[in-house]
Protein chains: 2
Amino acid sequence: MGVSLKDVAQRAGVSVKTVSNVVNSYPHVTPQMRARVQKAIDELGYRPNLTARHLRKGRTGIIALAVPELGNPYFAELAGAVIDAAARHDYTVLVDHTAGRREREIHVSQGFSSHVIDGLILSPIHLETEDLTGRDETVPLVLLGEREYEAPYDHIAIDNVAAAREAVRHLLSLGHRRIAFLGSRTGHERQPAHMRLRGWREELVAAGIEPDEALVVVTDGYGRADGAAAMAALLDRGERPDAVFAYNDLIAIGAMRTLTERGLRIPEDVAVAGFDDIEDGRFCAVPLTTISPDKSAIARLAVDRLTARLTGQPPAEPRRERPGHRLVIRDSTAGRSR
Amino acid sequence: MGVSLKDVAQRAGVSVKTVSNVVNSYPHVTPQMRARVQKAIDELGYRPNLTARHLRKGRTGIIALAVPELGNPYFAELAGAVIDAAARHDYTVLVDHTAGRREREIHVSQGFSSHVIDGLILSPIHLETEDLTGRDETVPLVLLGEREYEAPYDHIAIDNVAAAREAVRHLLSLGHRRIAFLGSRTGHERQPAHMRLRGWREELVAAGIEPDEALVVVTDGYGRADGAAAMAALLDRGERPDAVFAYNDLIAIGAMRTLTERGLRIPEDVAVAGFDDIEDGRFCAVPLTTISPDKSAIARLAVDRLTARLTGQPPAEPRRERPGHRLVIRDSTAGRSR
DNA sequence: CTGAAAGCGCTTACAG
DNA sequence: CTGAAAGCGCTTACAG
C-alpha cells in the first residue's frame, strides 16, 4: 500500500541502505547522492513507516500518561504540561484516563498496550502496592501524586503534608478555629486524602487545637458536586465551621456553591481554601485561596525521570522527587485584599 | 530482550503458528494443545509485541485526537469522551494539543506520527482549507468544531448558528436589547467565532434590532482572562450592555468576574450566557446559562466515522454530522428560578 | 487441526 | 562512501 524504502531505492537506482542513510541524515553521503535520493522521495511521496522503525529499534517514542479524570482541570492542565515536556524530548504522549478505578489502574500499570509504549507515567487513586509487583519491568514507570507505595519506582509528588499544613496555618493565622476538612475518604491509611488530612491534623495540634473529627467530611469523589454535597451535609448536621480546607479546588468550589446558596458569605462567615490551583479558582466570584503545586515542574521531572531510564543510563535508585508548591492567598480567605 | 512467539513455540514444542493461534484465540485449537501453549506462555511471561503485529497488519489500533488546549475544560471533557468512545472500539487514543497554532495543526493534520496512528480527529482553530490539500490520504481524518472547510472530510459539529440564535433569543425574551458579543476574532470569514457571531446578528435582525457592532468585542484567546479583559474593555469605553453572549463559557466566566468586581449584579444589571456547558459554569456563584453541545454524541460520532473508514467500508461521501445541543437556563440569565 | 515459510518496512553490522 | 543480507516479532496464505 504505502511507498517503502525499497521503492525509493529502486527509483533512485541505489540501495536501500543509501536511502535509509539519507532519511536519517547520516552525515557521510555525497550531496549529489542525497539530492538524487531526495528527488525520488519527493516524487514518490515517501514517508517512513515508524512502526517498522519501532520494531527494529525496540522503542516507539511514545510514553503513556494515565490520570484519573481528564475532566478534572488539575489533571487536564497537568496532561498539557506533560505533553509539552515530552515533546521537548521528542516523545509523543498517549493519554488515558482510569476513572480512578483500580482495575483500570492495574491494567494501565502493567503496560496496557504492550510494546507500544516506551514508558508510563501513572497518577493512581486506588492502586495498591501489591498491584505493582509482577509488572513487566521492561517498561519504566513513574508514579505521580499523593499516594505512597513501597515499590521501587520513581515517585513525583509535592510535600502534601507540609502544603496542607501551610494552608491550615494560614487559616489559623486569620483567627479561624473551627476548620473543617472536606474530601476525606474512608478506608485505610493510604487513601489519597491521607496526607492532606494528616497535615490538617498536625497543624491543628501544633496550634494547640484538638482536631474535631466531626468537621471531617468523607466524599464519594473529587468533583464539584461532591464538594457541594459535603458542605451541605456538614451544615445539615448542625456543624458550623468558620473555615473550610478542601482536599482540592473542585471540592472547595462545590462547597462555596453551597455556602452561597445558604446565604453564608465567603470569607466573612466561612473562609475557604483549596488545593491544586486550577484556573477556575482564580475566576470564581470569590477567588479561591489554594495550594499551587508547580505543575510544570511535576511534568518536567516525570518526563525527565522516564527519559533517563529510557536512554539506558545506569539504572539509578528509584527517586522521590519533591517539586515545589506555594500558598496562593485570594479573597476566599483574605477578604478584599486583592 | 523480550520473549517472542518463537521462544514460546520452542518451549511448548509446537510451531509458531500454533502459538499465534492460541494467542489470538483462534477457535480450532484442541483444548490440550491450548493448555500446553498457555503453560509455556505463563512460564515465560510472554507478552505479544504489538509493534510487530501492527507492522504486519498495517494498523496500530491507535487514533490521535488533537485539540487546541487541554487546559480548556471543554476540550478536556471532550477528550475524555473520545477516549471512552474509542475504547469501545478497542482503539487507544493519543491526545495532542496544538495550542491553536496553525503550524502545529498542519503538522498534526498531515499525520504527525506517520504510520503510528490509524486515524485522526482534529479540532482546528487556525487551520485553513489549503492546509488540508496534499495530506496523506491513507490516514482518515475527521474534523471537529465550528470551522468550515471546503475539503472532503467528515465533519462533526453542532449547528452553531442555530445554537447561538437560541441563546440570543432567550436573552431577547427576557427583555434585553443591548446584547454584547464577547470573543470575536479579527480576520476573515472563517474565524472560529464566525458562526456564533452570525447567530447573534441574525437573531437580533429577526427581532427587528440593528446589531450594534460597538457591542462586539474581539479577544486574543478563548480563556477566562480574555473574557475578563473583554468585559473590562467594553465597560471602559462606556458601553453598558444589559446582556452578554460569550463565544464560550470560559469567556463568560471571565466576564462575570469583571462584572462582579465592578459591582454589577448578574443577572439584574447584566445577564450572561455562554457556550459549551463546561462543569465550571454549573458551580459559579451565579450558575451560567449556556448552550450545551452533546459532547458524548460528538465523541461517538467522530469515533464512529473514523472506525467506519478504518474498517474498509465503502468509502462513503464525507459526511456532515450534526450532533444535538440544548439551551440550559441557569441563574446568570434567569434570576433565582433554579 | 498444525507446520514451514514468506514478508510487513525498516536498521545495522559486515563487506567492499 | 555504498551495497547485499539478516533480522526485529509478528500474521497469513499455503500445504498437509
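A note on names: the letters A, B, ... follow the listed sequences, proteins ahead of strands, and every chain is numbered from 1. Only this structure's heavy atoms are used, side chains among them; waters, hydrogens and symmetry mates stay out.
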Handout entry: Per A:Val29 side chain, nearest of listed nucleotides D:dT2, C:dG3, C:dT2
Key = D:dT2

Practice task
Let me see the working for A:Asp154 and A:Glu321 under side chain to side chain contact (heavy atoms under 4.5 Å, CB included), right down to the final yes or no.
Solution key: CA-CA 8 Å; A:Asp154 293 314; A:Glu321 304 268 13; over 6 Å; no

Practice task
Using a 4.5 Å cut-off on heavy atoms from C-beta on, say whether the side chain of A:Tyr149 contacts that of A:Leu127.
Solution key: yes

Problem - With sequence neighbours excluded, residues passing side chain to side chain contact (heavy atoms under 4.5 Å, CB included) with A:Ser296 - result: A:Asp294

Completion exercise
Applying salt bridge (charged side-chain N to carboxylate O under 4.0 Å, His left out) to B:Arg36 and not counting sequence neighbours gives none

Practice task
Apply side chain to side chain contact (heavy atoms under 4.5 Å, CB included) to the pair A:Ile125 and A:Tyr222, showing each step before the final yes or no.
Solution key: CA-CA 11 Å; A:Ile125 295 270; A:Tyr222 303 96; 4.0 Å; yes

Problem - Length of the line joining A:Met33:CE and D:dG3:C1', which is rounded to integer Å - result: 10 Å

Problem - Residues in side chain to side chain contact (heavy atoms under 4.5 Å, CB included) contact with A:Ala35, at least two apart in sequence or another chain - result: none

Problem - A:Phe75 six-ring centre to A:Lys295 NZ/CZ under 6.0 Å and within 45° of normal - result: no

Problem - Heavy-atom protein contacts under 4.0 Å, nucleotides 10-16 of chain D, coded B base, S sugar-phosphate only, - none - result: BBBB---

Handout entry: Along DNA chain C (nearest heavy atom to each residue), the more 5'-positioned of B:Ser15 and B:Leu55
Key = B:Ser15

Practice task
Only stems of 3 or more consecutive Watson-Crick or G-U pairs count here, both distances under 3.5 Å; name the ones for DNA chain D, or none.
Solution key: C:1-3 with D:14-16, C:5-12 with D:5-12, C:14-16 with D:1-3

Practice task
Please determine if a side-chain N or O atom of B:Thr51 lies less than 4.0 Å away from the OP1 or OP2 oxygen of D:dG9.
Solution key: no

Exercise for the section: Can you sort out the partners of B:Tyr74 under ring-ring contact (aromatic ring centres under 6.0 Å, His included), two or more places apart, ordered by chain and number? Expected result: none

Practice task
Could you tell me the separation between the CD atom of B:Gln32 and the P atom of C:dC1, rounded to a whole number of Å?
Solution key: 10 Å

Handout entry: C:dG3 phosphate, OP1 or OP2, under 4.0 Å from B:Thr18 side-chain N/O
Key = yes

